[in-house]
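The structure under discussion appears below in the form of structure tokens.
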Amino acid sequence: MKKLPPAFYEQEDVVQIARALLGKVLYTNWNDGPAKGRIVETEAYAGLQDKASHAYRGNTPRTQVLFETTGTAYVYLCYGLHQMFNIATNTKGIPHAVLIRAVAPLEGIELMLQRTGKKMADASLTRGPGNVGKAFGFHRSQSGWSLQSNALYIADDGYEVPDEAIGISPRIGVDYAGADALLPYRFYIKGNPYVSGKVKL
DNA sequence: CTGACGATTCACT
DNA sequence: GTGAATCGTCAGC
């Protein structure tokens with residue numbers, strides 16, 4: 001397992017990054033133990049050109065991380081209860097991001113059960129961005145954390161996702177974005193039980 | 001300071 | 001299919 005280097009996050013095309021993150025391993029280890037999971041669903045948010053992106057509205061205290069850092073976590077609270085984990089990409093000054101929507105648990109299942117209050121490790125444990133945030137213990141105070149940290153990073157363990165196993169669709173929950181809601185910026189591994197929404201083949 | 005609302009989830013009908 | 005939970009963020013006064 002090797003951490004993805006800063007150069008990975010600095011690539012220009014956020015959509016390519018979203019595609020490339022499928023199959024990679026998300027790792028966290030705060031104060032209460034390690035958790036690991038394979039990324040099976042992502043969405044790209046193309047900053048200023050994209051009405052669905054938080055950054056579309058400009059640089060605010062919340063979105064500052066997107067504008068001023070790269071290769072860092074962008075964590076925010078949605079609907080007052082869900083911690084959503086994103087990755088800030090591209091060079092500084094360009095507020096692109098990738099949302100991690102779903103993960104398949106690899107390690108630290110007990111910890112995830114404890115955090116989510118679930119008793120059984122079924123597919124709902126890490127399916128959907130709100131659940132991923134909860135299972136991995138993300139909190140908005142972690143926004144701005146480097147992904148080169150020992151407590152938080154994304155790694156490549158050699159697992160590869162063939163092109164034919166990748167599904168592409170419009171993003172979920174962004175209807176308010178008008179035409180931009182139709183952009184094919186969502187990537188997922190076909191047939192994986194942890195992928196949120198309807199399963200398309 | 002105030003008010004409207006959201007990159008969602010889950011329980012219930 | 002419908003609706004509640006729940007609070008930080010941001011625009012507007």
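Chain naming here is simple, since letters A, B, ... match the order of the sequence lines and numbering starts at 1 in each.
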> Between B:dA7 atom P and A:L66 atom CG, what is the distance in whole Å?
Replying inline: 13 Å
> Would you say the side chain of A:Y188 lies within less than 4.5 Å of the side chain of A:S169, judging by non-hydrogen atoms?
Replying inline: yes
> In the strands shown, is B:dG6 matched to any nucleotide by a Watson-Crick or G-U wobble pair with both distances under 3.5 Å, and which?
Replying inline: C:dC7
> What is the nucleic acid contact for A:L99, judged by heavy atoms within less than 4.0 Å: base, sugar-phosphate only, or nothing?
Replying inline: base
>> By the 4.0 Å heavy-atom rule, please label A:K118 as base, sugar-phosphate, or nothing.
In response: sugar-phosphate
>> Taking only side-chain N and O atoms of A:T60, does any of them lie within less than 4.0 angstrom of OP1 or OP2 on C:dC10?
In response: yes
> Nearest to the side chain of A:P129, which nucleotide is it out of B:dT9, B:dG6, B:dA7?
Replying inline: B:dT9
> In whole angstroms, how far is the P atom of B:dA7 from the CZ atom of A:F138?
Replying inline: 19 Å
> Which part of the nucleic acid, if any, lies within reach of A:R62 when heavy atoms closer than 4.0 Å are counted: base, sugar-phosphate only, or nothing?
Replying inline: sugar-phosphate
> What is the distance, rounded to the nearest whole Å, between atom CD of A:Q83 and atom P of C:dT6?
Replying inline: 14 Å
> When clusters are formed by joining ILVMFWY residues with side-chain heavy atoms under 4.5 Å apart, either directly or through shared neighbours, do A:Y194 and A:L26 land in the same one?
Replying inline: yes
> Do the side-chain N or O atoms of A:R101 get closer than 4.0 angstrom to the phosphate oxygens (OP1, OP2) of B:dT8?
Replying inline: yes
> Does a side-chain N or O from A:R140 land closer than 4.0 Å to OP1 or OP2 of C:dT9, or not?
Replying inline: yes
> What's the OH-C1' distance between A:Y76 and B:dG6, to the nearest Å?
Replying inline: 7 Å
> Are side-chain heavy atoms of A:I166 and A:R19 found at a separation under 4.5 Å?
Replying inline: yes
> Hey, does A:N86 reach any base, or is it just sugar-phosphate, or nothing, if we go heavy atoms under 4.0 Å?
Replying inline: base
> Roughly how many Å is it from CG in A:L77 to P in C:dG8, rounded to a whole number?
Replying inline: 7 Å
>> Quick test of your reading of the model: are A:R171 and A:D180 salt-bridged, counting only N-O distances below 4.0 Å?
In response: no
>> Please report the distance, rounded to the nearest Å, between CZ in A:F85 and C1' in B:dA7.
In response: 14 Å
>> So, OP1 or OP2 of B:dA7: does either fall under 4.0 Å of a side-chain N or O from A:Y176?
In response: yes
>> In whole Å, I'd like the distance from the OH atom of A:Y56 to the P atom of C:dC10.
In response: 16 Å
> Can you find an N or O donor on one side and an acceptor on the other, under 3.5 Å apart, linking the side chain of A:H54 with the base of B:dA7?
Replying inline: yes
>> Do A:L4 and A:L21 have side chains that approach each other closer than 4.5 Å (heavy atoms only, starting at C-beta)?
In response: yes
> Looking only at atom C1', what distance separates C:dG3 and B:dC5, rounded to whole Å?
Replying inline: 16 Å
>> Whole angstroms only, please: what is the CG-P distance between A:D175 and B:dT8?
In response: 10 Å
